[in-house]
*Asks:* 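My questions will all concern the structure given below.
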Amino acid sequence: MRKHDVRLDIIQVEATSQEIKAAIPSDGEMVRIARTFQALADPTRCKIILALTRHELCVNDLALVVGASASGVSHHLKGLKDIRLVKFRRDGNTIYYSIDDAHVGNLFREVFSHLDHVDNQLPDHQPQAAEVALANQAWKGV
């Protein structure tokens, strides 16, 4: 997957429509992005992932934490494993689940930050000069 940085409105980029089109991920990559957002569109799956950002848990403990049946949680976990939002490890007869990597937790941190700004009508963060330069380089394909 090619690196794709989100352009901030504050960054002025002189790009042709062809450059912008070239920066958009391929159809296959867009399907993967959409599948990730679809997985996160369910409140129970979000609860499962949030619980797993705190601690690895088995299905029964997850069911207790999120208020769902163990079979329902197990079903959600299969889908989350398939797209690598969660991973598992076996310890004897027990399988423990955790988030696949720190990026998964970062998605939720960004959502919480966004909602905080929306709820409190806060202005957008002003990017640092280094962030602006990196975003411009990424956008220009440097």
Side-chain angles (χ1 to χ4, degrees), residues 1-13 15 17-142:
M1 181 183 269
R2 91 175 79 145
K3 182 175 179 174
H4 180 76
D5 288 320
V6 176
R7 179 177 163 254
L8 302 175
D9 289 339
I10 196 165
I11 298 171
Q12 300 300 316
V13 178
S17 59
Q18 290 301 319
E19 289 172 321
I20 293 169
K21 185 177 180 179
I24 294 174
S26 70
D27 289 347
E29 291 167 329
M30 291 305 298
V31 167
R32 293 177 65 205
I33 291 167
R35 283 188 70 206
T36 300
F37 282 115
Q38 285 171 341
L40 298 174
D42 180 86
T44 300
R45 287 191 292 267
C46 286
K47 287 180 188 178
I48 289 169
I49 293 170
L50 281 171
L52 295 176
T53 64
R54 297 286 183 144
H55 200 278
E56 67 176 7
L57 296 164
C58 67
V59 171
N60 289 332
D61 290 341
L62 271 169
L64 208 84
V65 168
V66 303
S69 69
S71 64
V73 167
S74 184
H75 176 75
H76 286 301
L77 286 168
K78 182 194 179 321
L80 295 171
K81 282 189 310 185
D82 289 347
I83 60 172
R84 298 225 16 225
L85 290 176
V86 301
K87 63 184 177 182
F88 69 94
R89 72 173 180 86
R90 186 179 297 274
D91 185 7
N93 290 333
T94 306
I95 298 174
Y96 291 96
Y97 294 87
S98 61
I99 59 171
D100 191 74
D101 60 36
H103 296 107
V104 177
N106 290 340
L107 288 171
F108 281 88
R109 274 190 280 289
E110 286 297 321
V111 169
F112 288 135
S113 178
H114 170 69
L115 292 176
D116 186 46
H117 279 75
V118 170
D119 293 345
N120 296 299
Q121 299 178 349
L122 300 172
D124 194 6
H125 298 285
Q126 297 300 315
Q128 302 296 320
E131 291 172 325
V132 171
L134 284 173
N136 279 324
Q137 285 177 349
W139 190 252
K140 291 178 183 176
V142 173

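Computed from a prediction, not measured in an experiment: that's the story for all the values here.
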*Asks:* Looking only at atom types and distance, does a side-chain atom of H55 sit under 3.5 Å from a main-chain N or O of A51, one as donor and one as acceptor?
*Replies:* no

*Asks:* Considering non-hydrogen atoms only, spot the tightest contact between A63 and S69 and give its length.
*Replies:* CB-C, 3.9 Å

*Asks:* For D101 and V104, run side chain to side chain contact (heavy atoms under 4.5 Å, CB included): C-alpha distance rounded to whole Å, both residues' side-chain angles, the deciding distance at 0.1 Å, then the answer.
*Replies:* CA-CA 6 Å; D101 60 36; V104 177; 4.0 Å; yes

*Asks:* Once you round to the nearest 0.5 Å, how far does CD1 of I83 lie from CD1 of I33?
*Replies:* 12.0 Å

*Asks:* NE2 of H75: more than 12 outside heavy atoms within 6.0 angstrom?
*Replies:* no

*Asks:* Are the side chain of T36 and the backbone of R32 linked by a donor-acceptor contact shorter than 3.5 Å?
*Replies:* yes

*Asks:* Taking all non-hydrogen atoms of both residues into account, name the closest pair between Y96 and C58 and its distance.
*Replies:* CD2-N, 3.9 Å

*Asks:* Which atoms form the tightest heavy-atom contact between V59 and A70, and what is the distance?
*Replies:* CG1-O, 3.3 Å

*Asks:* Can you list the steps and then say if L40 with F108 is a side chain to side chain contact (heavy atoms under 4.5 Å, CB included)?
*Replies:* CA-CA 10 Å; L40 298 174; F108 281 88; 4.0 Å; yes

*Asks:* Hey, does L85 have a side-chain heavy atom less than 4.5 Å from the side chain of L52?
*Replies:* no

*Asks:* Return the set of residues passing salt bridge (Lys or Arg N to Asp or Glu O under 4.0 Å) with R89 (not counting sequence neighbours), or none when no residue passes.
*Replies:* E56

*Asks:* Measure the CG-CZ distance between L50 and F112 for me, rounded to the nearest 0.5 Å.
*Replies:* 4.5 Å

*Asks:* Checking R45 side chain against A39 main chain: does a donor-acceptor pair fall under 3.5 Å?
*Replies:* yes

*Asks:* Using only atom types and a distance under 3.5 Å, with no angle test, would you say the side chain of H76 pairs donor to acceptor with the backbone of I48?
*Replies:* no

*Asks:* Which atoms form the tightest heavy-atom contact between I99 and I49, and what is the distance?
*Replies:* CG2-O, 3.8 Å

*Asks:* Roughly how far, to the nearest 0.5 Å, is the CG atom of L57 from the CG atom of L64?
*Replies:* 10.0 Å

*Asks:* Using 4.0 Å as the upper bound for N to carboxylate O, is an ion pair formed by K87 and D100?
*Replies:* no

*Asks:* Kindly compute the distance separating CD1 (I24) from CD (E29), expressed to the nearest 0.5 Å.
*Replies:* 11.5 Å

*Asks:* Looking only at non-hydrogen atoms, find the nearest pair between A68 and T44 and report the distance.
*Replies:* CB-CG2, 4.4 Å

*Asks:* Side chains of L77 and L62: closer than 4.5 Å at any heavy-atom pair?
*Replies:* yes

*Asks:* For D27, is the CG atom crowded, meaning more than 12 foreign heavy atoms sit under 6.0 Å from it?
*Replies:* no

